[in-house]
Amino acid sequence: MNCIFCKIINKEVPNYTVYEDENVLAFLDIFPVAKGHTVVIPKKHFETPLEMSTEEFKNFSAGVHIALQRVETILSPGGFNVGWNQKEAGGQAVPHLHVHIIPRYEGDGGGNMHSIVKNPGDKTPAELFELFKK
Ligand code: AMP
Ligand code: ZN
């Protein structure tokens, strides 16, 4: 498969490893938006978590947790933003699931989750909740 992250898993492309176990590889992002920007990928190719079993997602999440601890221990940033871009509409460029661990530093000028998009839609949360009740 012509996937840059699968190539990293297969050691065809080098990486700066932060953490690795049988299920995940965490490595420094090559175009960091912050010092210590790290991406965590499952070793098996999935585009999004929606294709994963609960067990596969649990194992992946456990790896994200350890990678987060590694970055915290080594760089001690002021905080973090952690998450993933999902599908084209969500800004995903590499179609192999990857969680971004973005360290945040006091006064770095960055935003937060609320700055990703401002498109609340035409229904109130109470109206939308009707869909989830069924
Ligand atoms: P996304 O926009 O969520 O798909 O993010 C893809 C991320 O992968 C970007 O932050 C890229 O800088 C990063 N990236 C792409 N290729 C590499 C690579 N070879 N090594 C490390 N990070 C990479
Ligand atoms: Zn892949």
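Start at 1 and go down the list; that is how both ligands and their atoms are numbered. All values reported here derive from a predicted model rather than from experimental measurement.
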List the steps and the verdict of side chain to side chain contact (heavy atoms under 4.5 Å, CB included) for Gln92 and Glu47. CA-CA 9 Å; Gln92 183 173 11; Glu47 184 174 2; 4.1 Å; yes
Per-atom contacts, ligand 1 versus [X] - under 4.0 Å to a heavy atom:
{"X": "Phe31", "result": "12 (O)"}
{"X": "Ile8", "result": "18 (C), 19 (N), 20 (N)"}
{"X": "Gly91", "result": "2 (O)"}
{"X": "Leu28", "result": "21 (C)"}
{"X": "Asn85", "result": "1 (P), 2 (O), 3 (O)"}

If you have a sec, work out which protein heavy atom is nearest atom 6 (C) of ligand 1 and how many Å separate them, to one decimal?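 It is His98 NE2, 3.3 Å.
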Can you tell me which residue and heavy atom of the protein come closest to atom 21 (C) of ligand 1, and the distance to 0.1 Å?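 Going by distance alone, atom 21 (C) of ligand 1 is nearest to Ile30 N, 3.3 Å.
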Working to the nearest 0.5 Å, report the span between [atom1] of [X] and [atom2] of [Y].
{"X": "Leu75", "Y": "Arg70", "atom1": "CG", "atom2": "CZ", "answer": "10.0 Å"}
{"X": "His98", "Y": "Phe60", "atom1": "NE2", "atom2": "CZ", "answer": "9.5 Å"}
{"X": "Asp108", "Y": "Ile102", "atom1": "CG", "atom2": "CD1", "answer": "10.0 Å"}
{"X": "Lys43", "Y": "Glu22", "atom1": "NZ", "atom2": "CD", "answer": "8.0 Å"}
{"X": "Ile30", "Y": "Ile8", "atom1": "CD1", "atom2": "CD1", "answer": "8.0 Å"}

Could you check which N/O/S atom of His96 is closest to the Zn ion (ligand 2)?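 Of the nitrogen, oxygen and sulfur atoms in His96, the Zn ion (ligand 2) lies nearest to ND1.
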Closest approach to the Zn ion (ligand 2) by His45, given as the N, O or S atom name: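 In His45, the N, O or S atom with the shortest distance to the Zn ion (ligand 2) is ND1.
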Polar side-chain atom of Glu51 near backbone of Thr48 as donor-acceptor pair, under 3.5 Å: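 Checked: pair present.
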Measuring from the heavy atoms of [X], does anything fall under 4.0 Å of ligand 1?
{"X": "Val39", "value": "no"}
{"X": "Phe5", "value": "yes"}
{"X": "Asp29", "value": "yes"}
{"X": "Tyr16", "value": "no"}

By the definition ring pair (Phe, Tyr, Trp, His ring centres under 6.0 Å), identify the one residue from Tyr16, Tyr19, Phe5 that meets it with Phe27.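 Only one option passes, and that is Phe5.
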For ligand 1, is there an N or O atom under 3.5 Å from any N or O atom of [X]?
{"X": "Gln92", "answer": "no"}
{"X": "Ala93", "answer": "yes"}
{"X": "Val94", "answer": "yes"}

Aromatic ring pairing His45/His96, orientation class (parallel under 30°, perpendicular over 60°, tilted between):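 The rings of His45 and His96 stand perpendicular, inter-plane angle above 60°.
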Audit row: Ile101, Val40, side chain to side chain contact (heavy atoms under 4.5 Å, CB included) steps and yes/no: CA-CA 8 Å; Ile101 295 177; Val40 191; 3.7 Å; yes
Side chain to side chain contact (heavy atoms under 4.5 Å, CB included) for Asn2 and Lys7? Distances and angles first, verdict last. CA-CA 8 Å; Asn2 190 25; Lys7 286 181 180 164; 2.8 Å; yes
Phe27 contact mode with ligand 1 (heavy-atom cut-off under 4.0 Å):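 For Phe27, only side-chain atoms sit under 4.0 Å from ligand 1.
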